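All figures in this text were calculated on a predicted structure; none of them were measured in a lab. Proteins get letters first, then strands, A, B, ... in listed order; numbering begins at 1 in each.
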There are 2 protein chains.
Amino acid sequence: MADEPIGPAPVGSAPVGSAPLGQPTVRPTMKDVAAAAGVGLKTVSRVVNGESGVREATAQRVRAAVAQLGFRRNDSARLLRQGRHTSSVGLVLDDVSDPFSSLLHRAVEEVARAHGSLLFTGSSAADPARERELTLAFCARRVDGLIVVPTSAEHSYLAQEMAAGTAVVAVDRPLPGLAADAVLSDNRGGSRSGADHLLRQGHRRIGYLGDLPGIFTAAERLHGYRQAMADAGCAVQSHWVSMGGPDPVGVRLALDRMLAGRHPVTAVLCGNNRTSVAVLREWGTRAQRPALVGFDDFELADLLATPVTVVAQDPIRLGRTAAQLLFRRLAGERGRPQLIELPTRLIPRGSGESAPAPEPAR
Amino acid sequence: MADEPIGPAPVGSAPVGSAPLGQPTVRPTMKDVAAAAGVGLKTVSRVVNGESGVREATAQRVRAAVAQLGFRRNDSARLLRQGRHTSSVGLVLDDVSDPFSSLLHRAVEEVARAHGSLLFTGSSAADPARERELTLAFCARRVDGLIVVPTSAEHSYLAQEMAAGTAVVAVDRPLPGLAADAVLSDNRGGSRSGADHLLRQGHRRIGYLGDLPGIFTAAERLHGYRQAMADAGCAVQSHWVSMGGPDPVGVRLALDRMLAGRHPVTAVLCGNNRTSVAVLREWGTRAQRPALVGFDDFELADLLATPVTVVAQDPIRLGRTAAQLLFRRLAGERGRPQLIELPTRLIPRGSGESAPAPEPAR
DNA sequence: CGCCTCTCTGACAACGTTGCCAGGAGTTTA
DNA sequence: TAAACTCCTGGCAACGTTGTCAGAGAGGCG
């Protein structure tokens with residue numbers, strides 16, 4: 001009782017200079033500001049929030065104290081007190097560093113900003129557990145709404161959040177079984193238009209290199225390819241289709257299979273841009289270079305040795321549309337869940353415009 | 001009261017049917033859970049937080065009520081109550097959709113995740129006002145720390161936040177005048193090595209296309225270029241240097257100037273990858289194609305018609321290092337602010353390995 | 001001078017959670 | 001049998017803010 005305690009001085013009434021570097025002094029609260037300005041707590045609140053009904057002289061004193069103490073309103077406390085609205089939304093992406101995701105991210109950010117909302121973003125890394133963890137962390141912070149690029153798993157846990165009043169919009173992939181809005185690309189139609197483009201150049205043996213079939217977009221795009229081939233009367237041989245994702249080794253082996261034998265494919269359609277790039281790298285090592293159309297545009301596709309023909313999605317528009325939809329819901333718009341499908345666009349650049357080589361003489 | 005409700009059972013005690021879609025029923029609180037489980041509020045808290053000292057049978061009842069009501073702990077309230085630690089950090093980038101930024105973002109995200117922290121991210125769009133707004137929004141949410149890619153403006157407002165205990169780490173650019181850690185690339189050295197590379201190929205008239213000189217990295221890289229040229233005894237003519245940023249029109253005009261006259265440049269060094277790309281696009285429209293070395297790597301640089309030689313930074317490592325530094329500070333590490341400079345790496349790919357064309361006969 | 005209105009201000013409760021403490025039931029020890 | 005101890009449980013205050021309400025003056029009006 002008589003001895004002075006050893007160790008850091010107590011926070012709060014700490015003697016001056018006790019702030020070594022990093023986490024010293026405690027943040028001043030409105031109470032501190034009130035004391036410094038010689039006014040009541042509520043008056044500080046009023047000034048800080050720009051409410052009317054405070055005499056200018058008083059307000060000045062408060063503002064001076066705010067500036068002097070470096071006061072910043074604690075939004076957690078504010079939001080807790082106010083209840084409902086937290087002016088924040090969450091965004092769950094596959095991977096924030098993926099170009100598709102990051103463009104979508106930026107678009108959502110702009111819309112959120114325009115609505116005065118803070119945006120929380122995270123990467124699920126295509127891992128359902130991680131997606132869930134992120135989503136629930138956002139919900140624990142009481143975001144007003146969520147925009148999710150769903151992984152391939154169950155999403156029943158989202159139902160509870162939705163029931164609790166969190167608006168949810170799915171983007172790029174739907175949330176089957178949940179009454180959530182969804183904004184998707186026209187994956188089937190886009191894939192189909194890519195295949196049609198190759199068919200129009202005279203190709204008949206067209207391979208398809210897609211992503212893992214559990215992924216919604218991969219399945220849809222495969223479907224579009226098959227439809228186009230069927231409508232053109234081209235039977236698809238089983239080794240023409242590979243759904244192994246963009247792994248370079250897998251792509252190499254798949255190309256080996258497609259290009260072997262007496263009826264090698266003369267063109268390939270790629271289900272996503274990473275696969276397109278993997279095929280391009282293979283081009284560098286092979287004599288046989290099938291024509292190529294890729295799904296999903298990518299930067300510099302036009303500056304490559306052979307510029308790449310793509311079926312372009314519009315990630316910015318996807319993100320913007322999803323965010324606008326979310327904010328309309330948050331503004332109170334009721335009604336059945338919407339499904340919005342955005343068009344794709346074929347951009348011919350060269351890699352898909354070559355005719356098939358003539359049949360080799362037997 | 002007489003009619004049976006249609007649809008899902010009510011959450012909380014809200015009247016059935018008051019939930020059209022979106023923001024209906026209130027979230028249940030621990031109080032609701034306690035009532036449902038027939039226990040005290042504090043017992044719910046204990047169970048939810050996995051504290052010991054609750055009989056298993058009681059805990060089960062609580063867990064059942066939690067599941068049935070869809071309770072999620074309100075982290076805002078929790079953090080408010082607990083004071084200090086919010087287990088969250090903020091990241092302010094130029095633009096989340098920029099490849100450099102988004103890779104850095106992902107790296108920071110991984111470190112934050114490993115430390116159990118939530119990450120808030122936003123784009124300043126290189127606008128000081130917007131950076132400030134974002135930063136203060138993060139501080140209002142009481143992030144434990146901030147990682148900032150600073151814009152070119154004053155940052156005195158950060159001093160107050162730092163004094164209040166928010167740890168700050170600058171990345172990519174320093175925060176002059178603030179006692180904050182910083183993680184930078186070796187911009188001068190990298191730029192210098194790029195220029196040296198061109199000098200070794202025999203180039204003597206080397207142009208420099210940089211970013212706006214107000215940007216720290218742009219100034220540093222220009223300095224590296226000038227040093228290399230000076231050390232090689234090459235006087236830099238004023239029209240060889242253009243600090244207009246990556247705007248395509250500006251790049252075209254700058255190239256016009258550099259390539260005109262009797263002593264056109266035979267090579268250019270680009271201060272960032274967007275400028276490199278702009279130069280590449282110019283290549284497509286010109287007969288004169290100076291050799292090119294770009295600062296900052298970019299995807300597919302190796303697959304272009306002429307693969308591009310670059311001085312590569314490592315955005316992932318920048319982000320990871322900055323985040324690790326931040327979390328060390330949050331863990332209590334004291335000591336003077338550190339300045340960490342990460343090396344760059346020259347990657348020769350072709351565009352910078354051609355010798356200058358012989359002097360044209362007069 | 002009394003009454004009313006108007007302006008400005010502050011006290012108080014509450015948001016949902018957790019830390020501290022106390023109390024009751026059951027068991028062991030003196 | 002009382003005391004001491006353990007185990008489990010709940011009450012209460014407090015985090016920092018805002019909404020509600022009431023009170024203190026000042027000024028106007030009959």
I'd like a table of atom pairs between the protein and nucleotides 19-27 of chain D - only N or O on both sides, under 3.5 Å - with the distance next to each one.
unit_1 : atom_1 : unit_2  : atom_2 : d
D:dG19 : N7     : A:Lys42 : NZ     : 2.8

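Regarding contacts with the backbone of D:dG10, a side-chain N or O of B:Thr43 is found under 4.0 angstrom from either OP1 or OP2. Residue A:Arg78 places at least one side-chain N or O closer than 4.0 Å to OP1 or OP2 of D:dT18.
Residues meeting the ring pair (Phe, Tyr, Trp, His ring centres under 6.0 Å) test with B:His115, sequence neighbours left out: B:Phe327. Partners of A:Arg173 according to the side-chain hydrogen bond (donor to acceptor under 3.5 Å, both in side chains) rule, which considers only residues two or more places apart in sequence or in another chain, are A:Asp94. Listed by chain and residue number, A:Glu56 satisfy the salt bridge (Lys or Arg N to Asp or Glu O under 4.0 Å) test with A:Arg63 (two or more places apart in sequence, or in another chain). With sequence neighbours left out, the salt bridge (Lys or Arg N to Asp or Glu O under 4.0 Å) criterion links B:Glu131 to no other residue. Contacts of A:Glu133 classified as salt bridge (Lys or Arg N to Asp or Glu O under 4.0 Å), with partners at least two apart in sequence or in another chain: B:Arg113. For A:Arg72, the salt bridge (Lys or Arg N to Asp or Glu O under 4.0 Å) criterion is met by B:Glu161, not counting sequence neighbours. For A:Phe71, there are no ring pair (Phe, Tyr, Trp, His ring centres under 6.0 Å) partners at least two apart in sequence or on another chain. With sequence neighbours excluded, no residue satisfies side-chain hydrogen bond (donor to acceptor under 3.5 Å, both in side chains) with A:Arg61.
Close approach of DNA chain C to chain B, defined as any atom under 4.0 Å from a non-hydrogen atom of the protein, starts and stops at C:dG16 to C:dC20.
One N or O on the side chain of A:Arg130 and one on the backbone of A:Ser123 form a donor-acceptor pair closer than 3.5 Å. Side chain of A:Ser124 to main chain of A:Leu93: a donor-acceptor pair is present (N/O by atom type, distance under 3.5 Å, no hydrogens or angles).
Using a 4.0 Å heavy-atom cutoff across all strands shown, A:Ser76 reaches no nucleic acid atom at all. Within 4.0 Å (heavy atoms only), B:Gly83 reaches no atom of the nucleic acid at all. Contact annotation for A:Leu79: no contact, since no heavy-atom pair falls under 4.0 Å across all strands. Using a 4.0 Å heavy-atom criterion, one finds that B:Asp75 contacts no nucleic acid atom at all.
DNA chain D lies under 4.0 Å from at least one heavy atom of each of the following residues of residues 28-39 of chain A: A:Thr29, A:Met30.
Both B:Leu80 and B:Arg55 lie near DNA chain D, and the one whose nearest nucleotide falls closer to the 5' end is B:Arg55.
For the pair A:Arg72 CZ and D:dT17 P, the interatomic distance rounds to 13 Å; values are reported in whole Å. Remark: P of D:dT17 and CZ of A:Arg27 are 11 Å apart, rounded to the nearest angstrom.
Judged as a ring-ring contact (aromatic ring centres under 6.0 Å, His included), the pairs with a partner in residues 116-174 of chain A (not counting sequence neighbours) are, in order, A:Phe120-A:Phe138, A:Phe120-B:Phe120.
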